[in-house]
Amino acid sequence: MPSNDSILEELKLLREENKELKQREAEHKATLEQLEKTSLEYKTLFENTGTATVIFDDAKTIKMCNRKFAELAGLPVKEIIGKNWEIFVSEKDKVRLDENHRLRTTDPDIPPQNYEFEFVDSKGGKKNIYIEIVRIENSDQRIASLLDITWLKNTDSELKESLKQLEAITASIPNIIWKAEVDSEGQFTNTYISESINDLLGYSPNSFGHNWSKYFNLILPKYLPQIMEKFREGFKNVGKTISFVYEIKKANGEIAWFSSSGRAFYENGIMKIYGSNIEITKSKKMEEALKESEEKYRGFLENATEAILLTDEDGNIIEWNRAMEILSAIPKEEALNRKLWDIQFQLTIPEYKTDEIFSSIKTKLVQFYKDGNIHFPSKNYEIKIYAAGKIKDVLQSSFIIKTSSGYRLASISWEITERNKLKGELEKTNKQLKTFTRHIQILIEEEKRYAAQEIHDKLGQGLSALKIDLMRVNNNVANSDKKVIKSLSEMKDLIDDLITIHHRIVMNLRPGMLDDLGIGTALGWYAKEMSEQYKTNIVLTTSPEELKIPEPYSTECFRIAQEAIKISAINSNSENVEVMLWLEKNIIFLTVRDDGESAKEEKSNSANSVVLLDIKERVSALMGDMNFSEKTNKGRSIKIRIPINENLTDRFEKTVKNFRITNPQ
């Protein structure tokens, strides 16, 4: 029988073993809890992964699948578990997949781990799938990840179709489209060239084969170093577009200009370059012609005698020729890129150089550049500028140039300081000449008055006395002397003719009734004479006030009416002429109308033109105005308005007085 001590020792050992067992039980429980937790985490991860995933065994029975696979299959997860994997494989791919599965059970390294197949969902829909299968170690199960690449397949199909269309397009466009591969030594291998090369160069694409250097041999040698340098630049900067221009020899021997551009990139580790070539011979010739034209323009601009400036669409000066430098005394380099309103204000004469003037200039020009409307004189207007310490007279014309960006302004200027000086002197001379001419007209009129009076008083009286004496002789001659009587009768008739001629000469020189009875009576006599002479119906209408018209207006209006009636009755073949003369508020109104032949454009040397010029000068000398108008078919009118000026009357009287003192009758 064991002793108490041994029993106690065993109990002690049992307690320690029990304690150790409880500790192991606790650790085991914790391990199970951790395992369950880890299993839950992996299960959650498996179910929620973004890739469709399925686990099946050697019998192809599905053990697990995630939600993505369920979405792909179109079934709930619980309906998929336990089904045969092959129900989701199309008939055309089952044999291939079965063989892969069989090999995987014997030697897992032989069949491919990833491949494509056609997936069939629960509704019979088909999808292109990329699958990757991995065997789970120490089990008969496999895990497969499925990726839907249907969109990629469709895109690939569309891309192939697009490439076909692209090839069709490149075959029809005028550019030469090409593709080449470049090896590590920089050698080109031609892989594609479009049919356009036949139209542009006269060579077929096949004539180059894969040897791209044949194309380089057509390029004029002087351009090759530059082209090779461009290609080296493109190889160093992959993806950057390079371009160059060169001359090339066509199949027919013609030299043409071409422009090429291309871009290098890597594809599967191989450097490739795509590019296009296009003929630019016409544009190059146009460019050369434009350059020549620009040189001519520049030569014309710089050598033009006119001062020329041009602005851009913002008012900045971009052209300023040599003549403009001379006119403004502002050098070209100082004027360029300055605002036009600043330059204009700089050239403003000092007395007008105020803030208000600057604001006005700037406002008008800024508004022009906005709407293109010139808010200031633009064609042949005169201005004054201050340059090099002098005030200059300038004639200026501005022109609008419309561009796609807005409006530009061009200006051409001529200095007319000397011209204006000469013009002033000429106007002064003309004024003096008109005064002298007016003085001469008065003197001529007085000479006519004097001559008419002399002819009337002396020659007229002599002829009258001679006629009386002849009549006495005729009365005392014997009736039997018929020859003497006939001679005396002929002499009497001759004297009568001379008296008639004498009367006409006196009246044409100056009708005495103009001084004795007034202009109305004198015009009435003249109208009657012209009516009888030219078989024209001339009607005169005057107002009672015409008797108050003083000299020199009375004489001048008579002469003007004479000339106007001559135009109508003699030169225009009028049948009816109407003459109206009246005085109203110290203003003389004279109108002559007819129904004669109209001549819209009188020749400068025609009779009517000379007479009209004489009338105009007479009216101008009297400070009046004249309006001459013609109807389209027949008829014309001359309307004259002359204000009576007492100073002119006084000057006339002084001139006549001096004449009479110098030439006493």
Side-chain angles (χ1 to χ4, degrees), residues 159-160 162-299:
L159 181 59
K160 289 179 180 178
S162 297
L163 288 173
K164 290 180 181 179
Q165 294 176 1
L166 181 60
E167 288 182 2
I169 292 171
T170 55
S172 61
I173 62 176
N175 297 34
I176 301 173
I177 309 298
W178 50 268
K179 179 182 178 184
E181 293 182 356
V182 185
D183 61 20
S184 59
E185 296 180 358
Q187 297 298 318
F188 285 77
T189 299
N190 179 35
T191 57
Y192 173 79
I193 189 165
S194 66
E195 293 288 341
S196 303
I197 195 168
N198 189 24
D199 297 327
L200 293 178
L201 290 177
Y203 294 98
S204 69
N206 296 331
S207 62
F208 295 96
H210 294 293
N211 189 355
W212 197 234
S213 62
K214 289 184 178 180
Y215 184 87
F216 290 145
N217 290 337
L218 300 176
I219 298 174
L220 299 193
K222 63 180 179 179
Y223 297 100
L224 290 176
Q226 170 201 349
I227 293 172
M228 290 300 108
E229 183 60 34
K230 284 287 184 180
F231 274 116
R232 281 191 288 271
E233 178 185 336
F235 300 154
K236 291 178 182 178
N237 301 278
V238 175
K240 180 181 178 182
T241 300
I242 59 171
S243 59
F244 42 89
V245 175
Y246 53 91
E247 288 179 282
I248 192 169
K249 190 174 184 180
K250 293 186 176 183
N252 61 5
E254 178 186 343
I255 302 298
W257 280 94
F258 267 72
S259 173
S260 293
S261 60
R263 181 181 297 177
F265 64 97
Y266 282 101
E267 185 177 296
N268 298 325
I270 300 174
M271 179 176 283
K272 298 184 179 182
I273 183 166
Y274 282 100
S276 69
N277 306 344
I278 187 168
E279 184 174 358
I280 58 168
T281 304
K282 288 183 179 179
S283 60
K284 195 70 177 178
K285 289 180 178 179
M286 289 178 63
E287 181 183 331
E288 292 174 354
L290 181 62
K291 184 178 179 181
E292 182 181 353
S293 176
E294 186 175 347
E295 289 175 354
K296 290 180 180 178
Y297 158 75
R298 186 64 53 192

- Compare every heavy atom of G234 with every heavy atom of A264, then report the nearest pair and how far apart it is. CB-O, 3.9 Å
- Item | Shortest non-hydrogen separation from E279 to L200 and the atoms involved | OE1-CD2, 4.0 Å
- Query: With a 4.5 Å limit on heavy-atom distance, are the side chains of N190 and Y215 in contact?
  - Reply: no
- Spatial distance of atom CG (L224) from atom OH (Y246) [nearest 0.5 Å]: 10.5 Å
- Task: Could you tell me whether the side chain of F208 reaches within less than 4.5 Å of the side chain of L218, counting heavy atoms only?
- Result: yes
- Would you name the heavy atoms of I227 and I219 that are closest together and state the gap between them? CD1-CD1, 3.8 Å
- Verify whether one side chain among S260 and N277 offers a donor that lies under 3.5 Å from an acceptor in the other. yes
- Message: Are the side chains of T189 and D183 in contact, using a 4.5 Å heavy-atom criterion?
- Response: no
- Message: When you compare the side chain of S194 with that of P205, does any pair of heavy atoms fall below 4.5 Å?
- Response: no
- Item | Closest non-hydrogen atom pair between W257 and Y223, with its separation | CH2-OH, 3.4 Å
- Query: What's the spacing between N175 CG and I197 CD1 if we round to 0.5 Å?
  - Reply: 12.0 Å
- Would you please indicate yes or no on a ring centroid separation below 6.0 angstrom for F231 and F244? yes
- Message: Whether E229 and R232 form a salt bridge (side-chain N of Lys/Arg under 4.0 Å from carboxylate O of Asp/Glu) is what I want to check.
- Response: yes
- Atom pair OG (S196) and CD1 (I176), whose distance is rounded to the nearest 0.5 Å: 7.0 Å
- Taking only Lys NZ, Arg NE, NH1 and NH2, and the carboxylate oxygens of Asp or Glu, determine whether K296 and E292 approach each other closer than 4.0 Å. yes
- Take atom CE of M228 as the centre, draw a 6.0 Å sphere, and report whether it contains more than 12 heavy atoms from other residues, nucleotides or ligands. yes
- Which atom names give the shortest non-hydrogen contact between W178 and S261, and what distance separates them? CZ2-O, 4.3 Å
- Are any non-hydrogen side-chain atoms of E247 and K284 less than 4.5 angstrom apart? no
- Query: What is the minimum heavy-atom distance between A180 and F188, and which atoms define it?
  - Reply: CB-CD2, 4.1 Å
- To the nearest 0.5 Å, what is the distance between CD1 (I255) and OG1 (T281)? 10.0 Å
- Message: Quick test of your reading: applying salt bridge (Lys or Arg N to Asp or Glu O under 4.0 Å), list the pairs with at least one residue in residues 251-265, sequence neighbours left out, ordered by first then second residue.
- Response: none
